[in-house]
Visitor: 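Before I ask anything, let me first share the structure, which is written out below as structure tokens.
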Protein chains: 2
Amino acid sequence: MQEAIQDILKKNQLSITGSRVKILELFLDQPGALAHGDIERRTGEKFDRVTVYRTLQVFLSKGIIHSIPTADNSVLYALCKDECGEGHHHDNHVHFVCDKCGNTVCLDEVTVPVIRLPRGYKSSQIQVVVNGKCKACSRD
Amino acid sequence: MQEAIQDILKKNQLSITGSRVKILELFLDQPGALAHGDIERRTGEKFDRVTVYRTLQVFLSKGIIHSIPTADNSVLYALCKDECGEGHHHDNHVHFVCDKCGNTVCLDEVTVPVIRLPRGYKSSQIQVVVNGKCKACSRD
DNA sequence: AAACAGATGCAACTTTGTTGCAAAATAAAT
DNA sequence: ATTTATTTTGCAACAAAGTTGCATCTGTTT
């Protein structure tokens, strides 16, 4: 685990620091997406707010994580898969937000559909966010 | 025009006030979506910030406008079509954000596709946001 | 181990959004 | 047309979210 984390950082030419390791751990420890606030809380407020912001920005720019637009316009982040590199992301999967438990997950197995745009429009990226009830919550 | 605006407000049992008329005008005057900031600027800061917030909230709750989640997590609003009523929206169209000019528009003629979710997931709403170059900007 | 580059924490600040309350504007009733 | 009741507005104060500059500290390189 620790090794995997160090690998990720090295591969992206980032120095290995406490905050970066801890925040990456959080992402690896759980399947869903995290909000900035989640991260602050779950690191036990050990790091400065500013540090968390900057760490997330660096991860974003390196393509380690990607951001997810949600219906209520809060910012969520989730780990990218290996194919993502600096600059362009390939997070071409669907995001799912559970209305009941509030969790957001990447449905990696569901790829975003092809969208036919009107004449003249050119698409570079497509974001699909599905709201509803997740596996666990739709049982009740 | 003024009549159309008064109609909309009356139909939704809202009193006709300066800020509501002016903000509706803005939406009717142009095809794209507006951010809160746009609205403040384009009303010439004539109304208090709080008033703009509250007006948008009322319009949202009445189904006069809908909000659009964007990749950079700013909040955008756009007019709903007639079929939208208090409570449930039918804004089941695709939103397009131009990377060049920054404008966001509703592609009313492009409906959101059917998404096949994994077992156990139930969807209640699907948001599709396409980034790229709009008609005007893709010419260059 | 020293020197350098980069990351962190702090303070201060900006922007964005919210709440309570008194004053003003709108709608309804006489 | 004037009064009354109801909404809406603006203000002030606040809370939350995000940014910037700078001095200090940590990680990396030689």
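All chains are named by letter (A, B, ...) in the order of the sequence lines, taking the proteins before the strands, and each is independently numbered beginning at 1.
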Visitor: Report yes if a side-chain nitrogen or oxygen of S19(B) is closer than 4.0 Å to either non-bridging phosphate oxygen (OP1 or OP2) of dT9(D); otherwise report no.
Guide: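 Indeed, a polar side-chain atom of S19(B) lies that close.
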Visitor: NZ/K135(A) to OH/Y121(B) distance, rounded to the nearest 0.5 angstrom?
Guide: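 So the gap between those two atoms works out to 5.5 Å.
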Visitor: Say whether V129(B) and L60(A) are linked into one hydrophobic cluster, either directly or through other cluster members, by side-chain heavy-atom distances under 4.5 angstrom.
Guide: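 Different clusters.
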Visitor: Quick one: Y53(B) OH to dG20(C) C1', roughly how many Å, whole number?
Guide: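 Roughly 18 Å, once rounded to whole Å.
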Visitor: Considering only dT28(D), dG18(D), dT9(D), which nucleotide approaches the side chain of I16(A) most closely?
Guide: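 Out of dT28(D), dG18(D), dT9(D), the nucleotide with an atom closest to I16(A)'s side chain is dT28(D).
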Visitor: Would you kindly give the CG-to-P distance between D48(A) and dC22(D), to the nearest whole Å?
Guide: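 It works out to 18 Å between those atoms.
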Visitor: Could you tell me how far apart R20(A) (CZ) and dG9(C) (P) are, to the nearest whole angstrom?
Guide: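 Rounded to whole Å, this separation is 12 Å.
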Visitor: Is S15(B) near enough to dT7(D) that one of its side-chain N or O atoms lies under 4.0 angstrom from OP1 or OP2?
Guide: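 No, because none of the side-chain N or O atoms of S15(B) sits under 4.0 Å from OP1 or OP2 of dT7(D).
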Visitor: For DNA chain C, whose closest nucleotide is more 5', that of G18(A) or that of V50(A)?
Guide: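 So the residue in question is G18(A).
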Visitor: Closer than 4.0 Å, any side-chain N/O of T51(B) to the OP1 or OP2 of dT8(D)?
Guide: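 It does not, given that no N or O in the side chain of T51(B) lies less than 4.0 Å from OP1 or OP2 of dT8(D).
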Visitor: Would you indicate which nucleotide in dT9(D), dG9(C), dA17(D) comes nearest to any side-chain atom of F47(A)?
Guide: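 Within the option list, the nearest is dG9(C).
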Visitor: Quick one: do V105(A) and V75(A) end up in the same hydrophobic cluster if we chain Ile, Leu, Val, Met, Phe, Trp and Tyr together by side-chain heavy atoms under 4.5 Å apart?
Guide: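 Different hydrophobic clusters.
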Visitor: Across the strands shown, which category fits V75(A) at heavy-atom distances under 4.0 angstrom: base, sugar-phosphate, nothing?
Guide: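 Sugar-phosphate contact only - V75(A) comes under 4.0 Å of backbone atoms but never of a base.
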Visitor: Check whether any side-chain N or O of D48(A) sits under 3.5 Å from a backbone N or O of V50(A) as a donor-acceptor pair, and report yes or no.
Guide: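 Such a contact is found between D48(A) side chain and V50(A) backbone.
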Visitor: Answer with yes or no whether R54(B) presents, from its side chain, a donor or acceptor under 3.5 Å of a partner atom in the base of dG10(D).
Guide: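 Indeed there is one.
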Visitor: Are I64(B) and F27(B) linked, directly or through intermediate hydrophobic residues, by side-chain heavy-atom contacts shorter than 4.5 Å (ILVMFWY only)?
Guide: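 Yes, same cluster.
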Visitor: Over how many whole Å does the gap from L56(B) atom CG to dT18(C) atom C1' extend?
Guide: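 Rounding to the nearest Å, CG of L56(B) and C1' of dT18(C) are 14 Å apart.
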Visitor: May I ask whether V97(B) and V130(B) are part of the same hydrophobic cluster, defined by side-chain heavy atoms of I, L, V, M, F, W, Y residues being less than 4.5 angstrom apart, directly or through others?
Guide: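 Result: no, two separate clusters.
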Visitor: Nearest-Å distance, CZ (R49(B)) to C1' (dC11(D))?
Guide: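 That distance rounds to 11 Å.
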Visitor: Rounded to whole angstroms, how far apart are CG on L60(A) and P on dT19(D)?
Guide: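 The answer, rounded to whole Å, is 11 Å.
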Visitor: Going hydrophobic residue to hydrophobic residue with side-chain gaps under 4.5 angstrom, can you get from I16(A) over to I65(A)?
Guide: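 Yes; tracing contacts between hydrophobic side chains, which count when under 4.5 Å, links both residues.
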Visitor: Check each residue of residues 34-42 of chain B for a non-hydrogen atom within less than 4.0 Å of any atom in DNA chain D, then write out the ones that pass by number, or none.
Guide: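 Heavy-atom contacts with DNA chain D come from no residue of residues 34-42 of chain B; none.
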Visitor: From CG of L14(A) over to C1' of dT8(C), roughly how many Å is that when rounded to an integer?
Guide: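 Rounding to the nearest Å, CG of L14(A) and C1' of dT8(C) are 15 Å apart.
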Visitor: Within this structure, what is the CD-to-P distance between Q13(A) and dT29(D), rounded to whole angstrom?
Guide: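 Between P of dT29(D) and CD of Q13(A): 11 Å.
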